[in-house]
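First comes the structure, then the notes that go with it.
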Amino acid sequence: MEKSVGKLKIERLFSGGVITNYYCSSACKHCLYNSSPSWKKEYMPEEMADKVFKTLKKFGVFSVHIGGGEPFLNFEGLKKVINKANENGIYIEYIETNASWVENEDEVKRRLKELKNLGIETILVSISPFHNEYIPFKKVLRLIQLLNEVGIGIFPWIEGFANEIRRLNIDKTHSLSEYKDLFGENYIRHLPQRYYLTLNGRAIKTFEDYFPTKTADEIIKNSLACFELYSKNHFHMDLFGNFIPNPCVGFRISIDDLGKELDTGKYFFVNLLYTQGVRGLFEYAKENYGYTPSKKFLNKCSLCFDIRRFLVLDKNIEAPDLGPREFYLNF
């Protein structure tokens, strides 16, 4: 029997992260949030950090990670966010970084010591061919060395790529095509599985040439309600006070509306996907705005993103539950 679906209501959360900023030193080809240097240099204010951490406690979450974008691009802002976490009794599991900011060793050690004094015990250091397109591996290795010296734990994500990256010049950046030339045609195809990637965000564009695709009709034929929007694990709350379910990037729900049935006027698109799936979104866009798919798609998320991008950028729709707009611009 098919489950009867009403309005979306998010009542309990389990694990997630805080996005301090979307702007980044890189525009990695796998990035779920389409982060890049093109985003405005906005960072989570202290007031919003306080509100986010209070909301997390209210919904039963007492530890989170911090990510971006690249959180270290505004170090003073990062410290203020951590202070608010401490004030609210929220433990920071780790802070993500791509090591792009690692220049002067003395300055890096000073920053790391400050973080340690604020209670930070672990830093996630990104290690992958995606990041190596923008950041020389030498910087990553230097950061790992300095973390060891300061006494902060290292979460290497993902250590299994290190030996492959070392096969190339660690003083320089290297394109994915260089990895394909060195390791063979199937190297790129295997990256999503090895990196535990969600094929959403910028990964859609990167991998649609490497995997089988389907027409929109084939996808919507088996369309079901998108219960991913109800995801309670690995969600994120961002600097604008948005709740983003995993992996439904490009959607936003105000943290003020968590715990309530989401109003269909304010959250038209979220509720449409939650109740009718991508078929409902497809039919709405086709009937009201003339949407016609111009290509095949990796999966339902790929089709959903294409429709939403069309609505936001081509039709200039401004909806409370679609955004930020820069997410669609930086694809």
Side-chain angles (χ1 to χ4, degrees), residues 21-39 65-73 75 94-109 111-112 122-150 152-212 298 330-331:
N21 57 316
Y22 285 110
Y23 71 94
C24 190
S25 46
S26 308
C28 295
K29 289 185 172 66
H30 73 303
C31 184
L32 186 61
Y33 291 95
N34 291 342
S35 295
S36 79
S38 300
W39 283 77
H65 62 271
I66 290 178
E70 171 50 59
F72 279 84
L73 292 181
F75 187 66
Y94 55 86
I95 304 172
E96 299 174 356
T97 184
N98 61 23
S100 60
W101 53 279
V102 175
E103 297 292 346
N104 180 283
E105 289 196 6
D106 290 337
E107 175 64 16
V108 173
K109 285 184 77 170
R111 290 185 174 191
L112 296 180
T122 305
I123 301 289
L124 182 152
V125 183
S126 297
I127 300 174
S128 79
F130 301 113
H131 297 88
N132 193 220
E133 286 204 286
Y134 295 89
I135 299 137
F137 195 50
K138 184 177 182 179
K139 284 193 172 188
V140 175
L141 295 175
R142 185 179 300 152
L143 177 58
I144 290 172
Q145 174 193 340
L146 295 174
L147 285 165
N148 277 321
E149 290 179 12
V150 170
I152 294 179
I154 301 157
F155 182 0
W157 190 258
I158 293 176
E159 194 171 18
F161 287 114
N163 287 335
E164 294 160 22
I165 299 173
R166 287 178 185 273
R167 294 274 300 274
L168 298 160
N169 187 337
I170 66 170
D171 294 325
K172 298 180 179 180
T173 57
H174 301 281
S175 67
L176 288 183
S177 61
E178 289 181 75
Y179 282 90
K180 184 169 69 172
D181 291 342
L182 181 60
F183 296 108
E185 285 292 323
N186 287 324
Y187 186 82
I188 307 298
R189 187 187 301 273
H190 292 151
L191 285 177
Q193 182 179 10
R194 296 181 61 197
Y195 200 81
Y196 306 97
L197 260 188
T198 298
L199 291 181
N200 208 332
R202 201 175 286 126
I204 291 172
K205 186 175 182 179
T206 301
F207 291 100
E208 60 189 0
D209 292 332
Y210 290 91
F211 296 101
L298 280 173
N330 284 295
F331 180 57

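The distance from atom CG of Leu147 to atom CZ of Phe155, rounded to the nearest 0.5 Å, is 13.5 Å. Taking CG from Leu143 and CD1 from Ile152, the interatomic distance works out to 9.0 Å, rounded to the nearest 0.5 Å. The distance from the CG atom of Leu197 to the NE2 atom of His30 is 6.0 Å, given to the nearest 0.5 Å. Taken to the nearest 0.5 Å, the CZ atom of Phe161 stands 10.5 Å off from the NE2 atom of His131. Rounding to the nearest 0.5 Å places CG of Leu191 at 10.5 Å from CZ of Phe183. The distance from the OH atom of Tyr134 to the OG atom of Ser126 is 14.0 Å, given to the nearest 0.5 Å.
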Subject >> Residues Leu146, Arg142; criterion side-chain contact (heavy atoms from CB on, under 4.5 Å); working and verdict >> reply: CA-CA 6 Å; Leu146 295 174; Arg142 185 179 300 152; 4.2 Å; yes
Subject >> Chi angles and distances behind the side chain to side chain donor-acceptor pair (under 3.5 Å) call for Asn330, Ser35 >> reply: CA-CA 7 Å; Asn330 284 295; Ser35 295; over 6 Å; no
Original post:
side-chain contact (heavy atoms from CB on, under 4.5 Å) between Thr173 and Phe137: does it pass, once the steps are laid out?
Top reply: CA-CA 8 Å; Thr173 57; Phe137 195 50; over 6 Å; no
**OP:** List the steps and the verdict of side-chain contact (heavy atoms from CB on, under 4.5 Å) for Leu182 and Leu168.
**Re:** CA-CA 9 Å; Leu182 181 60; Leu168 298 160; 4.1 Å; yes
Original post:
side-chain contact (heavy atoms from CB on, under 4.5 Å) between Leu199 and Ile204: does it pass, once the steps are laid out?
Top reply: CA-CA 6 Å; Leu199 291 181; Ile204 291 172; 5.5 Å; no
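Ser175 approaches Ser177 most closely through the heavy-atom pair OG-OG, 2.7 Å. Shortest non-hydrogen contact noted between Arg189 and Phe211 is O-CZ, 3.2 Å. Pairing each heavy atom of Ser26 with each of Asn98, the nearest pair is OG-ND2, 3.6 Å.
The side-chain heavy atoms of Ile123 and Val125, taken from C-beta on, include a pair separated by under 4.5 Å. Counting only heavy atoms from C-beta outward, the side chains of Leu112 and Glu149 never approach each other to under 4.5 Å. Side-chain contact between Pro136 and Lys172 is absent, with no heavy-atom pair separated by less than 4.5 Å. The closest side-chain heavy-atom distance from Ile144 to Pro156 is not below 4.5 Å. At a threshold of 4.5 Å between non-hydrogen side-chain atoms, the residues Trp101 and Arg111 count as touching. Using a 4.5 Å heavy-atom cutoff, the side chains of Thr122 and Ile154 are not in contact.
The aromatic ring centres of Tyr23 and Trp39 sit 6.0 Å or more apart.
Judged purely by atom type and a 3.5 angstrom limit, Thr97 uses its side chain to pair as donor or acceptor with the backbone of Ala99. Proximity of a side-chain donor or acceptor of Asn104 to a complementary backbone N or O of Glu107 within less than 3.5 Å is detected.
In this structure, Lys109 does not pair ionically with Glu105, as no charged nitrogen and carboxylate oxygen lie closer than 4.0 Å.
In this structure, Phe207 has no ring-ring contact (aromatic ring centres under 6.0 Å, His included) partners at least two apart in sequence or on a different chain.
The closest side-chain donor-acceptor pair between Tyr179 and Asn132 falls under 3.5 angstrom.
Note on residues 193-205: pairs passing side chain to side chain donor-acceptor pair (under 3.5 Å), not counting sequence neighbours, are Glu164-Arg194. Annotation: salt bridge (Lys or Arg N to Asp or Glu O under 4.0 Å) contacts involving residues 124-141, sequence neighbours excluded, comprise Lys29-Glu133, Glu103-Lys139, Lys138-Asp171.
Surrounding CD of Glu159 are at most 12 heavy atoms belonging to other residues, nucleotides or ligands under 6.0 Å away.
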